[in-house]
Amino acid sequence: MDKYTKEYKAGSAPSKSDSFNQSLPEVVPEYRRYRAVQFKPTGTRLTLETYLDAVEVSAQEKAELKELVLKIFSDYEATATAKTYPNDWALAYVSFVGLNSHVYYGRTEQPIIPFEQNVGLRDVVAEHATDNGIFNNVTDKEKQELYELMIMLGGLNYHYYEKARKENNIQEIENCKLSAAQLLKLIGITPQ
């Protein structure tokens, strides 16, 4: 694990190279970009209004839900951009799986979103999608729609799970776990 996390060992002084590497911004080498899973955004949210129209709640609740979803997007995208993976379907996919697995298994530790600990998994997913031509006939707009749905649905389910945990609402926790299982099944993953 130390190989991947490069955690600072208590009692040991950081080397000059460690200090140097920590001050540099993260740079993803070109061979790990996998352009097939990235997209040029349209500049608007493609799925938000459709989602809000499908939700049967009051106008006030809809406005609050929209604000929450926009915050989820903003927080996720700021972090993904800082990690030099903006507009990346594979990172959204890995984060979606990670968040829903987190909820399904009832984990209580705070995840890092997008899942920093799974950037390597993002690379595996991106490489597989690229090598198998999964996005050969998919437009940037379609990739953006998939990306938005994963961020929105994963983020919302995680948000409601955390809220239920803080309120100790056992029924709502179970509803979130059921929702996580259904969301994972939508992409072909059956939690065990």
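Remember, predicted model here, so these are calculated numbers, not experimental data.
- One hydrophobic cluster holds both Val125 and Ile187 under the rule that ILVMFWY side chains link at heavy-atom gaps under 4.5 Å.
- Distance alone, capped at 3.5 Å, is enough to place a donor-acceptor pair between the Lys62 side chain and the Val55 backbone.
- Both tests do not hold together for Arg122 against Tyr85: distance to the six-membered ring centre under 6.0 Å, angle to the ring axis within 45°.
- Using a cut-off of 4.0 Å between Lys/Arg side-chain N and Asp/Glu carboxylate O, Arg165 and Glu172 are scored as not salt-bridged.
- Leu156 has its side chain within reach of Leu65: a pair of non-hydrogen atoms, C-beta onward, lies under 4.5 Å apart.
- Contact record, Ala36 with Phe135: O-CB, 3.6 Å, taken as the closest heavy-atom pair.
- Shortest non-hydrogen contact noted between Asp88 and Phe39 is N-CE2, 4.1 Å.
- Two residues are said to be in side-chain contact when any heavy atoms from C-beta on lie closer than 4.5 Å; Leu146 and Lys143 fail this criterion.
- Distance check, rounded to the nearest 0.5 Å: CG of Leu183 to CE of Met150 gives 11.5 Å.
- Side-chain contact annotation: Asp140 with Gln144, donor-acceptor N/O pair under 3.5 Å absent.
- With hydrogens and angles ignored, the 3.5 Å screen pairs a side-chain donor or acceptor of Glu148 with a backbone N or O of Leu46.
- Between Arg45 and Glu49, none of the side-chain N atoms (NZ, or NE/NH1/NH2) sits under 4.0 Å from a carboxylate O, so this pair counts as no salt bridge.
- Hydrophobic cluster membership for Tyr105: Tyr104 (Ile, Leu, Val, Met, Phe, Trp, Tyr linked by side-chain heavy atoms under 4.5 Å, directly or transitively).
- In the model, Asn87 has no side-chain atom that pairs as donor or acceptor with a side-chain atom of Gln38 under 3.5 Å.
- Looking at residues two or more places apart in sequence or on another chain, you find no side-chain contact (heavy atoms from CB on, under 4.5 Å) involving Ser74.
- Leu48 is listed as a side-chain neighbour of Leu70, based on a closest heavy-atom distance under 4.5 Å.
- Looking at Ser179, its side chain never comes within 3.5 Å of a backbone N or O of Asn175 through a donor-acceptor pair.
- At least one donor-acceptor pair under 3.5 Å links the side chain of His102 to the backbone N or O of Glu109.
- Between Ile151 and Phe96, every side-chain heavy-atom pair lies at or beyond the 4.5 Å cut-off.
- Here the side chains of His128 and Ile134 are in contact, with some heavy-atom distance below 4.5 Å.
- Expressed to the nearest 0.5 Å, how far CG of Asn168 lies from CD1 of Ile170 amounts to 4.5 Å.
- Leu99 and Leu178 fall into different hydrophobic clusters, defined by Ile, Leu, Val, Met, Phe, Trp and Tyr side-chain heavy atoms under 4.5 Å apart, directly or through other members.
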